[in-house]
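Every value quoted in this text rests on a predicted model; they were computed, and no experiment measured them.
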Amino acid sequence: MLRSIIDLAGFRSFCERGLWKKVRRPKVSLPFGITWPPAVAWPLSIRLPGNIPRAIPRAIPWAIALVLGLGAGLSFAAFYLVLTLQKTNTAKDFEGPAQEYAISISKDLDGHLEVVKSAGAFFKASSEINRWQFFQFARDALPRHPGLRAIEWVPRVPSDQRAAYEDQAQNDGLFGFRFIQMAGEGLNGNDGRIEALPRHEHFPIYFVEPFNGNEADLGRDLATDESLLTILTRSRNSGRMLVTGLSTSATAPGPSELAILQPVYATKNVPESQAERIENLLGFVRGVLNLGNLAYSVRPAVNGLGGMDVYIFSGDKAAGGLLHYLPQSSAAARGATASYGDLTSGLHVERHHAIAGQLWTIVIAPGRNWQSEAIRLDAWLTLLLGLLLTAMLLQHLVAARNRTRAIEQAVVLRTKELRQAKEKAEEASRAKSDFLAMVGHELRTPLNAIIGFSDIMASEMFGPVGDQRYRDYVEQINASGNHLLFLINDILDLTKLEADNFDLDNDRLAMGKVVSEACKAARAKTDEAELTLTTEIEPDIPLILASRQAVRRVLDVLLSNATKFTPAGGRINVSCAVVASGGVVVEVDDDGIGIAPEAQKSIFQPFTQSDQSLSRQYEGTGLGLALALRLVELHGGTLELESQMGQGTTVRVIFPAEISLHPSAVERLARSRAG
């Protein structure tokens, strides 16, 4: 044990001296012929005497724990994120088709109601319609509206016309037609069909289509069922279509079947008074609406409806006003119909629709089969991949620790090299500045000669030049020389400013006078550009200690930019005033083209313009604003810019109160304004 401790201490010292790199790193052979690389095998395989593992040199348990914790945490976070995205995408996949399905059901409901209204108009248009005419009408309408299980004509038959109706039915081929009613419990001792008892008026089902399957309803007097008679009376008195449930009939309609009642009057329009409606009632068109058939017939026209359930509620949904439940799942549907509250608490699409004065609610919800199809393995694969990457990172951490010391030594050497490179770069920068100063001096000397001689030739001091083209060429030479000289001066001044080698020749400046001079010098260009230049200079502007040349350079740049970027007919206003802090502000405002917001962030960088394209309309080097900003900052001031595309630009130069020579003037100005 003591020997092991001594050996371990010696190994640690050996590693700290960096000599561990000389240790032979054997390969580790695994079963089935698998061999690990030395970089991975060495930290895990080398052992010191006494079976003490050489493990990882200067291993850091907290680093491994941190990597493990972060890796596992991020893996589970990614798992949750992918799972959430899957649910979101699943909801999107569901909501589109479900919304389309609900809209299609609503439209088809309206279409089915229109068929019943059309049948009412059909009976109103002719006083005598036989069974075959009704058959032709139904044959055209019913195939296009599969939700209508049957359509019926229920005439209003006074008691004295009952025999005539029964005889006419015999002539129409309905042999054995009689007015019947359903026998209740205790009546004749059974539940069956009996001849209808005499009444003041009868409402028999006289025509019914399709006839097959509905022949048992033929002749049934709806007035013998008190609940149906109440509904008929309400529809007659109101003059409106009603949608109600069906009572027990010979055809035993299902729970999703409803009756659509449309009253038909002898008058062209619905009578206004209730008494007139009672007197002019011809009868009712009754449609038997099967909601299941309607919802199922719409389904093939909508893509992506696999596994969706349809619920249709009427009236008080919370009280259980369920009219229809249609399981669309290809597998087993829900064990029992869900309540409205349960449906709307999960994934669903809800649509409200007005039906004959009632508010129906169509709810599309995913069934079990739809939910099972939406399950994917992406989230679990993400979790597995994250944990695998964490394990690989831990393995890499072991190998990376062995390279750390060599990198540290390389960093020391590299730092020394970078320091030497920095010194060389500074020397090169100084040489560049000296070179630019020398080149600028050498270029300005011949440029001055070119400009001077071209001035003499343009003014024809020693006689006429001759051909007019020569005079034009001389003027172009003069303009190009001046432009080049101006550019060289800007570059040299900007270089001096960046190198903190620009000397200010400060003087007592009256800013109002300097602004007036700058505007006067710029007026020739503004007049040529057809611009209006105005000035607003407050009285008693205090003197400031600043460089006249630098201030004029700033004003010239701002006026030149305003002139360049303002279309003909625009205006430029230059104002000079005292700010509350005692400083002086000069503002140049124009209504030109403006500067885009993204260009305002970089417009003060050298050689930068608001339009960087090769086909830009306005020329320039992009040095003006950069030079102006540095000259203003050299005086301790600030330069602000406000601009909107198409509305103009405002540039504000603020000189601080610290360079003001007469602060008392500010006090006098404040007193004069207050008075």
Side-chain angles (χ1 to χ4, degrees), residues 102-124 138 141-142 144-154 156 203 205 207-209 214 217 220 222-223 225-249 251-265 270 277 281-298 310-326 340 350-363:
I103 293 173
S104 299
I105 293 176
S106 296
K107 291 181 178 179
D108 265 36
L109 279 171
D110 290 338
H112 285 61
L113 266 62
E114 285 298 324
V115 172
V116 178
K117 290 182 180 178
S118 299
F122 178 66
F123 278 97
K124 183 185 295 186
L142 291 180
R144 292 182 285 110
H145 299 84
L148 284 176
R149 181 178 64 81
I151 186 167
E152 304 165 345
W153 168 239
V154 182
R156 171 176 171 262
F203 291 96
I205 299 177
F207 295 149
V208 58
E209 290 294 339
N214 297 297
D217 271 344
R220 181 187 173 197
L222 302 183
D225 188 322
E226 291 299 327
S227 61
L228 291 181
L229 181 60
T230 302
I231 297 171
L232 293 174
T233 303
R234 192 171 68 207
S235 177
R236 177 196 64 188
N237 294 345
S238 65
R240 295 178 319 197
M241 174 183 286
L242 291 181
V243 179
T244 65
L246 288 173
S247 65
T248 303
S249 69
T251 55
S256 295
E257 289 191 335
L258 301 173
I260 307 172
L261 285 177
Q262 174 65 44
V264 180
Y265 300 95
V270 177
R277 296 189 194 111
L281 180 69
L282 294 178
F284 298 90
V285 173
R286 190 174 85 146
V288 180
L289 178 63
N290 188 297
L291 293 175
N293 291 343
L294 184 148
Y296 197 79
S297 65
V298 174
V310 180
Y311 293 80
I312 300 179
F313 294 90
S314 174
D316 190 355
K317 300 178 289 294
L322 180 64
L323 294 176
H324 170 69
Y325 163 60
L326 175 65
Y340 176 78
E350 183 175 351
R351 180 177 177 83
H352 301 287
H353 191 70
I355 298 291
Q358 302 178 18
L359 183 62
W360 287 14
T361 303
I362 304 170
V363 179

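- The heavy-atom pair separating Leu281 from Pro263 by the smallest distance is CD1-CB, 4.2 Å.
- No donor-acceptor pair under 3.5 Å is formed between the side chain of Tyr265 and the backbone N or O of Lys124.
- In terms of heavy-atom proximity, Asn293 sits nearest to Gly147 at CB-CA, 4.1 Å.
- In this structure, the separation between CG on Asp217 and CD1 on Ile205 is 4.5 Å, given to the nearest 0.5 Å.
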Task: Worked check of side-chain contact (heavy atoms from CB on, under 4.5 Å) between Asp225 and Arg220 - done: CA-CA 10 Å; Asp225 188 322; Arg220 181 187 173 197; 3.9 Å; yes
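- To the nearest 0.5 Å, atoms CD1 (Ile312) and OG1 (Thr361) are separated by 10.0 Å.
- Annotation for Ile362 and Ser106: closest pair CD1-OG, 3.4 Å, computed over non-hydrogen atoms.
- Atoms CZ and CG, on Arg149 and Leu258 in that order, are 11.0 Å from each other to the nearest 0.5 Å.
- Going from atom CG of Leu148 over to atom CD of Glu257 covers 10.5 Å, rounded to the nearest 0.5 Å.
- The shortest side-chain heavy-atom distance between Leu109 and Leu289 falls under the 4.5 Å cut-off.
- Here the CG atom belonging to Leu228 is positioned 6.5 Å from the CZ atom belonging to Arg286, to the nearest 0.5 angstrom.
- The two residues Ala150 and Val208 come nearest to each other via the heavy atoms CB-CG2, 4.4 Å.
- Annotation: side chain of Leu232 is in contact with side chain of Phe284 (closest heavy-atom distance under 4.5 Å).
- The distance from atom CG of Leu113 to atom CD of Gln262, rounded to the nearest 0.5 Å, is 8.5 Å.
- The nearest pair of heavy atoms linking Ile355 to His353 is CD1-CD2, 3.1 Å.
- Relative ring orientation between His112 and His145 is described as perpendicular, the plane-to-plane angle rising above 60° on a 0-90° scale split at 30° and 60°.
- Proximity of a side-chain donor or acceptor of Arg277 to a complementary backbone N or O of Asn237 within less than 3.5 Å is detected.
- When atom types are taken as modelled, the side chain of Ser235 and the backbone of Arg240 share a donor-acceptor pair closer than 3.5 angstrom.
- Closest heavy-atom contact between Leu291 and Trp360: CD2-CZ3, 4.0 Å.
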Open item on the list: Would Asp110 and Lys107 count as a side-chain contact (heavy atoms from CB on, under 4.5 Å) here? Give the steps.
Closed with: CA-CA 5 Å; Asp110 290 338; Lys107 291 181 178 179; 5.7 Å; no
